Every structure is written in C-alpha cells, then in structure tokens.
Protein chains: 2
Amino acid sequence: MATIKDVARLAEVSVATVSRVLNGNGYVHKETKDRVAKAIQQLNYRPNDVARSLFKGRSKMIALFVPDIMNPFFPELARAVEDTAKQKDYTFVLCNTDDDPEKEIAYIDALRQKSLDGIVVVSSTMSGDYVKNVDIPVIALDRILHEDLSSVTVNNREGARQAVEHLKKQGCTRIAHIAGPEHISNAKQRMNGYLDAVQQEDWFKFSYIEQGEYRFESAKEAAQRLLERHPEIDGLFVANDLMGVGALKGAEAMKISVPEELSIIAFDGITLGETTTPTLTTMAQPIYTIGSRAAEMLIQQIEQSDQGTQVEEFEVELIERESTKRRHNNDET
Amino acid sequence: MATIKDVARLAEVSVATVSRVLNGNGYVHKETKDRVAKAIQQLNYRPNDVARSLFKGRSKMIALFVPDIMNPFFPELARAVEDTAKQKDYTFVLCNTDDDPEKEIAYIDALRQKSLDGIVVVSSTMSGDYVKNVDIPVIALDRILHEDLSSVTVNNREGARQAVEHLKKQGCTRIAHIAGPEHISNAKQRMNGYLDAVQQEDWFKFSYIEQGEYRFESAKEAAQRLLERHPEIDGLFVANDLMGVGALKGAEAMKISVPEELSIIAFDGITLGETTTPTLTTMAQPIYTIGSRAAEMLIQQIEQSDQGTQVEEFEVELIERESTKRRHNNDET
DNA sequence: TTGTAAGCGTTATCAA
DNA sequence: TTGATAACGCTTACAA
C-alpha cells in the first residue's frame with residue numbers, strides 16, 4: 001500500500017502538503033493541489049486510518065450492543081445502525097452481550113483500546129453508574145438504562161394500553177397479559193399500560209398476568225398455564241411478538257382457535273408475525289427508524305460533544321392482522 | 001488513559017522493558033517484572049491497540065459480509081462468527097452488502113484502510129478475480145465464490161436429493177421444486193440435487209420448477225403459480241426455509257392443506273420453520289458450526305499465512321416436522 | 001503557499 | 001538484563 005510519503009515524493013512536495021490537500025486544510029496552490037491529486041490517483045493512495053486514529057484518538061467506529069442477534073427483534077435494529085454508520089463513514093461493530101454485565105464491560109474495555117468512538121446499547125443489565133463513567137458517548141436504545149443517559153425508545157405504556165383497548169373494541173371481555181422480565185424497562189412499561197387499561201375492570205385479577213421472559217418457549221408455556229387456569233380468557237395482550245408467536249402455539253396446543261375463541265395482540269412489529277398462521281396482530285414499533293435515529297444521535301454526540309442528554313420517544317402503530325377479530329357478543333358501533 | 005510511558009515512569013524502567021513484560025518477550029528480571037506488573041495494575045493500564053495496529057499493520061479485526069442481516073438465515077451465522085472472533089480476541093465488524101458488488105468493494109476498501117485482518121464472505125456477486133487480489137485472507141461461507149478460495153459450505157446437492165427422497169418415501173408421486181437464484185452456487189446445487197432425484201421419473205417435467213428468488217413473497221407467488229398450473233403436485237421441495245414458509249402461505253391461500261394434500265420440505269433449518277403452522281420439515285444445516293468454522297479458518301490463515309486453500313463441506317440433516325406426512329396411497333415398508 | 005519536525009503509543013533492533 | 005531509539009503513517013504547529 002502506498003503511503004503519504006510515496007505520494008509526496010511522486011508529486012514532489014512535502015507530506016504536509018499532501019496532508020493538506022487530503023483534508024482540505026490550510027492553503028495550497030491550485031497547481032500543486034492538482035499535482036498531488038494526480039499522484040494520489042496514480043498510486044491509488046488511501047490514507048491509513050490506523051495512523052489517523054492514533055493521532056486523533058478517534059477511530060470512526062461505533063458499536064451496537066444487543067443481547068443476542070439471533071433474537072428476531074434485533075437484526076432490523078442492527079441493519080439500521082449499520083446503514084447509518086456507513087452513511088456517515090463509520091465502521092460498525094456488533095457485540096452480543098447475552099445480557100451479561102461482565103461481557104458488556106469486557107467489550108467496552110476491549111473496544112476502548114481500539115479508540116472506539118461511541119456505543120448504541122440495548123441492555124437492561126448494564127449498571128447505570130458504570131455507563132455514566134464510560135468516557136465516550138453512549139445511547140440507550142429500546143430500553144432505558146439510566147435517567148440521564150440519552151435514549152431512543154417508543155411509547156411502550158401508551159402503546160400497550162392501546163393494544164388492550166383494541167382487544168376491548170373487538171369485543172374481548174376477559175383480557176390477560178403475558179409479560180416480559182420486569183427488570184427490562186419496556187416490559188415493565190408495557191405491563192403498566194396493560195394495567196392502565198384493565199385495572200378498574202371488575203373482572204380483572206392479578207392472576208391474569210403471566211411471566212413469559214421475552215422467550216418463545218416460555219411464552220408458549222405461560223399461555224397454556226393461563227388458558228388452563230382461566231378458560232374464560234378471550235383476549236391476550238403479549239408483551240412482544242416473539243412471545244406472541246409462542247402464545248399462538250400455546251393456544252394451538254390446547255386446541256383453542258385464534259381468533260375465533262381467543263384474540264391475541266402483541267408488540268414490536270417484526271416480520272415473524274407475518275409468517276405465522278394466523279398472522280399476528282401487533283403494535284408495531286418503527287424499528288428501523290429508532291435504530292437509525294440512535295445511530296445519528298450517537299454520531300452527533302461524537303462529533304460535537306457539547307450536546308446534553310437527549311431523550312426521544314417514537315410512537316407505535318396498530319397493525320391488524322388475523323389473530324384478532326371482532327367478537328359477535330359485542331355489537332357496538 | 002495511561003500510556004506505556006506512564007507505566008515506565010512509575011515502575012522506574014524504560015518503555016522497552018514494559019513492552020517486554022507486556023508481550024512476554026525477551027528477558028526481564030523477576031523483580032522488575034513484578035514492579036512493572038504493579039505499575040500496570042495501579043494505573044489500570046491497557047495497551048493502545050491502535051498504536052499496536054499501526055506498528056504491526058494488523059488490527060485484530062475481522063469482518064463478516066452478508067447480503068442482509070434481516071434475512072433470518074444470517075443472524076445465526078453472525079452470532080457464530082462473532083463468538084469465535086471474540087474467543088480469539090478479535091473484534092467483529094458486520095457489513096450488509098445487499099448483494100451489491102459495488103458495496104462489497106467499497107467495504108473492502110474502507111476496511112483495508114483500518115488494517116482489517118480478514119473477511120468471511122457470504123456472497124454470490126463478488127467477482128472471484130477481485131477476491132483473489134484482496135491482500136488479506138478471505139473465506140467464502142455458505143456460497144462458493146471461486147474455485148481456489150477457501151470455503152465452508154454444506155453438501156447442498158446431496159442434501160437436496162435426500163429431501164426429495166424423503167418426500168418420495170412419504171408417498172409423494174408428483175414432486176415440484178421452488179428454486180433459488182441460479183447465480184447463487186448453493187441454489188444451483190440444490191436444484192441439481194432435486195434433478196438427481198426426479199429426472200428419470202416419467203412424470204417429471206421442467207415446468208415443475210419455479211423460481212422463488214430466495215424471498216418469502218416471491219416464493220409464495222411461485223407456489224401459487226405452480227399449484228395452479230399443476231394441481232397434481234403432492235410434494236414440494238423448496239430451496240430454503242424462508243421460501244418454504246412462503247410456499248406454506250401460498251398453499252394456505254389456495255386452500256390446499258399441508259401436509260394432507262401437499263407435503264412441503266425446505267432447506268436450512270432456521271428457527272422460523274418452528275413457528276409456522278404447520279411447522280416446516282427441513283434439511284437442516286449446522287448453521288452455527290459452519291459460521292464458527294469459517295471464522296476459525298480465517299483466523300488460522302491470518303495468524304499463519306502458510307495455509308493453502310481449504311475447502312470444508314458439512315452435512316445437512318433431516319428434521320421432520322409437520323409439513324410432511326406419510327401418504328396413504330403408498331404403503332411400502 | 002510550502003516545508004520541517006514533533007508527536008500520537010506501540011514494538012523491535014541494537015548496543016550496552 | 002536493560003535502555004535508547006527508529007519506525008509504523010499520519011496531522012499540525014511553527015518556521016520559512
């Protein structure tokens with residue numbers, strides 16, 4: 001690979017001059033600039049980013065931390081962050097943390113040694129205090145980590161409430177909930193939204209809530225327990241689509257037909273919900289948008305560090321599919 | 001961040017000595033070594049990888065190129081490569097190429113500037129000649145790019161043949177195929193495997209093959225065209241699971257019940273096939289294994305560049321699920 | 001408008 | 001067994 005010295009030699013100027021035309025800094029005579037440009041062309045010269053990074057202390061790399069890219073919610077987020085990174089000329093590093101704080105810290109350590117410039121984090125396990133002491137910008141995505149850490153999320157609580165309202169509108173009269181882990185902020189918010197919508201109903205009992213751990217199998221089992229215990233349930237709000245699909249399977253296993261006997265609505269809007277039978281009604285997040293926005297925000301903070309804490313919340317949107325359907329016993333307009 | 005100089009000063013030695021204890025090179029007196037170790041501890045010193053990279057011309061970073069991480073086949077591969085990279089102390093860069101040769105080249109260019117050490121590539125569009133001139137190790141994964149480029153794949157042709165044999169064993173008598181893009185090596189191999197199994201059957205016609213482009217929608221339409229044109233079809237081998245799910249949906253749209261009237265088997269073994277109704281029978285690749293193996297191979301080639309071209313082929317395995325079932329009209333033992 | 005040279009944080013060569 | 005120092009390729013004072 002050609003270096004700046006080779007270019008300088010060929011163009012018969014000093015490396016400083018080459019550097020100047022490279023970066024558009026300082027004055028450089030039109031003619032010499034052309035000479036340098038030609039040399040760069042001839043040698044197919046590309047500046048060495050490592051040398052640049054060493055000098056600047058910055059690498060033009062950002063990372064995305066996700067629990068596990070195999071969870072179908074994360075690929076779209078990853079795609080969004082990567083696209084945005086590329087567009088702004090950053091390299092994209094992907095880290096699977098398995099929600100393990102030690103791994104998260106180990107990654108941060110390792111990446112700091114490479115002068116990583118910033119991190120978009122989907123995590124519920126990283127200590128807020130720890131994050132605050134990381135010396136590069138960090139944006140929380142999808143889950144809130146700490147009050148005064150910048151974040152990009154959706155209106156989970158209100159969206160959850162709307163999901164339940166949708167079931168009511170469809171005529172459901174006993175609506176249960178399969179929840180995500182309480183230590184994950186969005187799971188808690190979604191449960192609160194469910195409670196907002198059902199708590200004053202006289203039929204409501206806390207045993208209408210089951211824990212599904214944001215996992216397929218676990219949600220399938222939760223659905224079965226729920227339907228066993230409460231055969232009167234005719235509506236189910238599931239805290240995310242992955243579990244929603246599990247619930248679909250749970251109902252299927254119990255020969256309860258969806259949506260005829262049981263309506264199911266979930267949350268997220270991942271494509272998985274389009275491939276099941278029946279397809280899954282859901283409160284869709286603008287997944288790509290939030291990922292992309294988080295990356296933008298991060299890069300902005302990297303490039304002009306004066307920014308304070310930024311918090312953005314996007315709205316979810318109902319996507320009606322086959323797993324919910326109007327009940328006959330409720331003929332309101 | 002503390003530098004090696006700080007450590008040297010604190011330990012009252014030269015930077016050379018610190019470097020020696022850091023890397024376990026050369027002789028260093030036990031006592032001084034301890035002193036240095038203590039200084040490192042006290043300062044919580046971490047060597048600057050950028051400086052190291054500059055000196056060594058290597059970055060301890062590898063990349064994975066995939067067409068699109070949102071395609072459900074790739075996350076597991078990405079996970080495998082990332083895990084392996086981490087385990088060997090490499091940083092993992094993810095690139096979505098959209099099967100666009102220009103993007104692929106642009107990525108390679110950009111990453112070479114960062115002294116990237118090697119690439120695992122899933123691609124059908126990158127020019128083999130181009131790849132051969134890349135000056136770092138490249139391993140092709142899942143798809144073969146060029147005869148003398150190291151690769152990790154599965155026995156697509158034989159696996160496909162077995163898939164069709166399975167349908168036959170289940171009693172299917174008219175077996176069609178939804179194929180992937182012919183320019184993708186594994187798609188072509190799978191089609192050949194299909195042909196191996198059906199070409200001498202007297203019922204076989206080339207119009208039993210439809211193009212599904214490795215996409216859900218497209219496969220759904222292909223299935224509908226196929227079943228419309230050839231209502232006698234009672235078995236369908238689909239070149240990958242994503243399309244298999246599309247085919248399931250196509251049959252559903254036409255009110256053809258699977259597996260009662262039509263058996264469907266696909267290829268890949270992604271989890272998506274476990275969530276559909278009916279669940280999808282498939283020839284499962286050892287996805288994690290091949291990803292992990294490709295990464296290992298890559299790192300091996302990086303660290304001892306004497307290796308020649310290595311080609312490894314893994315075997316696929318039948319996973320029977322609900323979309324195939326024994327036909328009554330065939331009672332062989 | 002251009003060049004010289006110091007410095008970014010390492011490693012490795014050579015001498016002591 | 002240890003220390004000086006050049007080198008990796010770049011950017012940016014500072015000088016000219």
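Residue numbers start from 1 in every chain, and the chains themselves are labelled A, B, ... in the order their sequence lines are given, proteins ahead of strands. What you see is a predicted model; the values in this text were computed from it and never measured.
- Other residues, nucleotides and ligands place no more than 12 heavy atoms under 6.0 Å from the NZ atom of A/Lys188.
- For the helix from C/dT1-D/dA16 to C/dA16-D/dT1, the axis fitted to the five pairs at one end and the axis fitted to the five pairs at the other end meet at an angle of 50° (nearest 10 degrees).
- Judged purely by atom type and a 3.5 angstrom limit, A/Asn48 uses its side chain to pair as donor or acceptor with the backbone of A/Val50.
- Heavy atoms of other residues, nucleotides or ligands lying less than 6.0 angstrom from CD of B/Glu315 number 12 at most.
- Taking atom CG on A/Asp6 and atom C1' on D/dC10, their separation rounds to 13 Å, with Å as the unit.
- B/Tyr288 and B/Asp83 share a side-chain donor-acceptor pair at under 3.5 Å.
- Residues of residues 108-117 of chain A that place a heavy atom closer than 4.0 Å to DNA chain D do not occur.
- For the pair A/Tyr27 OH and C/dG3 P, the computed distance is 17 Å after rounding to whole Å.
- If you measure from atom CZ of B/Arg35 to atom C1' of D/dT1, you get 12 Å, rounded to the nearest angstrom.
- Residues B/Val81 and B/Leu77 have side chains not in contact (no heavy-atom distance under 4.5 Å, counting atoms from C-beta outward).
- Residues A/Thr84 and A/Ser292 bring a donor and an acceptor atom of their side chains to less than 3.5 Å of each other.
- When rounded to the nearest whole Å, the span between CZ of A/Arg9 and C1' of C/dT4 equals 16 Å.
- Remark: the A/Asp142 side chain and the A/Asn186 side chain contain an N/O donor-acceptor pair separated by less than 3.5 Å.
- A/Thr32 comes within 4.0 angstrom of sugar-phosphate atoms only, judged by non-hydrogen atoms across all strands, and of no base.
- Atom NZ of A/Lys103 has more than 12 neighbouring heavy atoms from other residues, nucleotides or ligands inside a 6.0 Å radius.
- Regarding A/His29, its NE2 atom lies at a distance of 18 Å from the C1' atom of D/dA16, rounded to whole Å.
- Side-chain contact of B/Glu104 with B/Thr125: a donor-acceptor pair under 3.5 Å is present, judged by distance alone.
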Problem - Annotated protein contacts, base or backbone, on nucleotides 8-16 of chain C with a non-hydrogen cut-off under 4.0 Å, one of B, S, - each - result: BBBBB----

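- B/Ser150 and B/Gln301 share a side-chain donor-acceptor pair at under 3.5 Å.
- Residue A/Gln41 places its CD atom among 12 or fewer non-hydrogen atoms of other residues, nucleotides or ligands, all under 6.0 Å distant.
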